[in-house]
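Data block below; observations after.
Within every chain, numbering begins at 1; the chains are lettered A, B, ... in the order of the sequence lines, protein sequences first and strands thereafter.
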Amino acid sequence: MAKRVAIIGYAQSQHQYDVQKTREDLVFDVVRDAMKNAGILREDIGTVVTASTDFLDGRTISNVFLSMAVGAYLKDESKVEEDGTNALYYAMMKLVSGAYDVALVEAHTVGWQFNPHQVWALTTDPLVERQIGVVNDVSASALQARMYMQKYGVSEKDLAQIAVKSLQDASKNPNAQRKLPKVNVNQVLGSKKFCEPFTELMISPISDGCAVVILASEDKAKKLCEKPVWIQGIATYQDDYLRDRDLLSLTSLKKAAKKAYQMAKIKNPLRELGVAEVTARFAHEELMIYEALGLCKPGEGKNLISKGITKRNGKLPVNPSGGALAADPVCATGLVRVIEAVKQIKGEANGYQVPKVKRALAHGQWGICAQKNTVIILGGGK
Amino acid sequence: MRNTAIIGCGQTPHRARRRDVSVAELVSEAVSAALEDAGITMKDVDCIFSGNMQGFGGIAQPDLWLGDWIGAPGKPAIRIATGGTTGGSVAHGALYAVASGMYDIALAVAWEKHSDSKEAGATTGLAHVGMGNLFHALSYGLSLKNLIATTAVGAAAGVAVYQARFYMHRSGATIEHLDMVAAKDRRNAAKNPYAHLRWPNCQPEDIAKTEMIAYPFRYGHVCPASDGASCIVVAEEKLAKKLCKKPAWLLGLASYSDEENQLQSENYGGVGVLDPSEQMGCRVSAKKAYAMAGITDPQKEIDLAEIYQPFPSQELIFAERLGLFDDGTAWRYLEKGETDINGSMPTDLSGGVNATNAIGSSALQRVLECALQIMGKAGEHQAAKPVHKAIAHGWGGVTNYITVTILGDSPR
Amino acid sequence: MGYIKDEIPQTMMVEGDWQVGAYRYKANRLLEEYTQGLKQKKIIGSLCLGCGKVIVPPRAICGRCHRRQEERREVSPIGTITCFVISPPVVRGKYKLFGLDPVDTGALKEGEILVPCFVRFDGSDSNVACLLLNADPQKVFIGMRVKAVWAEKLEGKMSDLEGVEPLEK
Amino acid sequence: METKSNVITVQGLPIVVANFNWSVGFQMERFLKALGNKKILSAKCPECGYTYVPARNRCGKCYARMDEKDLVEISGKGILLSYTRAYVELDGKGNWIDLKEPKIIGAIKLDGADSTLFMPLGEVQFENLKIGMLVEPVWNSELKGSWKDIKYYKPASA
């Protein structure tokens, strides 16, 4: 890449349901924390890219009353109406083009306002699925899960095991919403039934949360920050719509991972990555994500779990923060993964720090059954 | 910043009701037209930027379902939406993607299909901007009379009517000038087959006869709600020169936000802007874009402008804020015909938003129309003078979002 | 002459809705401070210690200084009209808000002329949108000095401030 | 001391609903009308051969244009790719409603086409469902040229 870009600061809210803050206060507080973390003033910011959606915020032009809270008064601003990782990607393009040196990326969703699952149902084809009326993100993902489980011999217990791994890890993460240190497989299997095979604890919670990351181009980053975290690889891809796509594979994630690895010169992700923070909104997705990221062959995702390879003390820890099953403030979830990856690299993940992390992977997804995926490779050092 | 150019422009005819197509088909009309104009196929496109105001169409994240229709499967695709400036922000997405060197050919498509919404296209969507504030204020006894009077004086005119009053007061412009602008733009639109309100040889007197909504706005002044989509193809320098005889080169771009301009901020709080026609965001955006383009005297160096003017007063307000005329003087040049097709500063020869408003598409259409003028492809509404540098403008939000894009007939 | 018309064929349509009224929102108590002030015939605004602007009604955050506006200032009930609009006489059935006709709901009277205006109360840096009452629409001008009109019964509601009327008759 | 929280909940007015009537376009109109005659129309891309259900005018794989000439009637029968049992349903207002009777939903790849349809399944016990089984549509008695003409899919008899 012509011009390198680094992350010089970050902040996230304490994700919870029914946060006792207005949307404006939630965003303002996290933006202030992020600027303090990066050691910059509002004057240093060149451009602001936010991520929120009108359907989730219950407002047409969901960012119009928040421009002042994100510090965009008389600053270049735009809104990506998707996952925060794509907002980060767009902000990075602006920096690499040389138009600006410092970019603030903000993403939020207050799930308490309106059930995000209802919003995902409203993203389906208005002429077909919305007329037939059986598809929402939970039923579609349940259909995907059953196909995957039957083809590769994965049981409900295996899914429960994944949920247990995430929820136990989350208990060490102060920002996580679900903290269940003593959760076990039976408790997961016994939680409220949604669409088979999913019970409630296998599905990401409805959360209110905000995440902010501050980017800077190379020379500015070196001036402002002693340990910048470099974006060594980044890519995003979109898949076909639900009806015309092979639900058994996350094709767009495979493509995004391949391109990001190329940019970051990664040959063997399982060995070269220190940690991976992926967005799995449903338990089975974590296995499919392992395979799409090339950590193992198709169908072998469950072995990485059973062999403890992706445990916090394993060869390649995945989601030491607890991931999306611990907190899912929709638009912010991908950016939270980036922040958790940065914390691991900078050694600031106290309580769930993975030792000696040099390079990390962060993944954001969007759309029913992860129709869009973004992969970012982060690294410390020069 | 890598040299970048628009090499293909495609749009659909913008009409009140495009009931012959689904929104997906409408969007693919514009995309296939742009690909054809650029002389490439969908395989050559590296990434897709798209956007609309999803609340108006009632479909959340429509780019997921109609991704097939804009070529997104298997490609990087990013959705951008910023209210009225959506089209401009989507265009900026594609321009930055190529200017940053990360992609060689990017496609930007934006649209709106108002006729799919039962409530007169825009009303629910516009009211929904401040829906949370509205319920909040009503719970504190905001009287319906006060609400109707202050915010909804004549449906969509509510927001811009105050802005017009402020401008007219400080500049001396009169209602006759608004009639002139509306007539000029509907006359211009008659020479643009893609425009919506096309009135051949429309005169100010024709507009003056229309019923008054709330002084100074008449029905004849207000923009329509249209179904329509527009799309541009952006390429890096080598490819642009290879594929296009006369590319429209990117010279400068910016989109600075201002404080909410009038009526209310979050939770029905007040706003610290005393004159909604001051438009600091536009002034600062223009300053940045001109600096990038190396333009020091816009009044001489800019040959043509496409201004986002759902209301005629805004053509005058924003022309001045873009530095094309001195403060408070735009209406004098209007009177002398300087902003007509053969004038020194032709403005909105496409008819602009006053004649055509598919809200998602509108701000992208401004960039597209400037590109057509520079490429010499504007057909009947091509400016008389040669167009070397053109400025495209968009406003949105609570009159506090701006997009400015400057294109030229030679690279930076 | 007039607008060019062209015939466009129609195809079937399918229906759907979006329950916009089912959303809920979080709000702060600033509007409550404002309405409690109105109950004592006081107009309260928030003061930003960074740039000194007084915003009416109070807002939580000053964007210029990117800081919270904790201070409160009372502004004068006397102010200046910075902008006004004169509506044509109200006609029943011409305009609906959320499907309700304002005349039917008694909000407006048939033939009534509304003069919504922006008033900048002395000491404030905001325009407050309200109605000009007890005034001849023809005699209104930008810069006219006006004073607040209070409802008989003050209930700590937005409607306590009914509007403004000319300072001198 | 802040006795009450400085945040209050603002409830929307349930009467405020945005209503939509999406025009469907010619290809979809042909498809819906065919449903009224118990027929299912797909559209086969003239260039890459991918066959879409319902019929449409643009191929997502190679971006070729499709029209009436590309319509192909298919049997409507299909292979069950996957199935699930839903214990809850959304009511449009964002609430999960507990279903008295769980609903069975299937993903069906239609014979002669490449698309997958997501349909309710009926006249079958959940335990007897198997991926790969042949299923067929059950038509409503009263046909109106709409998706509701298909009541549900059930295991194919033959």
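- With a 6.0 Å radius and a threshold of 12 heavy atoms from other residues, nucleotides or ligands, D/E123 has its CD atom above the threshold.
- Going from atom CG of D/N19 over to atom CD of C/Q19 covers 8.5 Å, rounded to the nearest 0.5 Å.
- Using a 4.5 Å cut-off on side-chain heavy atoms (C-beta onward), C/V20 and D/V16 make contact.
- C/Y23 touches chain D through its backbone: at least one of N, CA, C or O sits under 4.5 Å from a heavy atom, while the side chain does not.
- When each of D/S146, D/G145, D/G25 is checked for heavy-atom pairs under 4.5 Å with chain C, D/G25 comes out on top.
- By the 4.5 Å heavy-atom criterion applied to side chains, D/I8 and C/R29 are counted as neighbours.
- For C/K157, the NZ atom is loosely surrounded, since the number of other residues' heavy atoms within 6.0 Å does not exceed 12.
- Atom NZ of D/K69 has more than 12 heavy atoms from other residues, nucleotides or ligands within 6.0 Å.
- Annotation: the span from C/T11 atom OG1 to D/R30 atom CZ amounts to 10.0 Å, rounded to 0.5 Å.
- A distance of 12.5 Å separates CZ of D/F26 from CE of C/M12, quoted to the nearest 0.5 Å.
- Highest contact tally toward chain C, considering only D/V24, D/T9, D/L32, is held by D/V24 [criterion: heavy-atom pairs under 4.5 Å].
- More than 12 non-hydrogen atoms from other residues, nucleotides or ligands lie less than 6.0 angstrom from CD of D/E127.
- Heavy atoms of other residues, nucleotides or ligands lying less than 6.0 angstrom from CD of C/E110 number more than 12.
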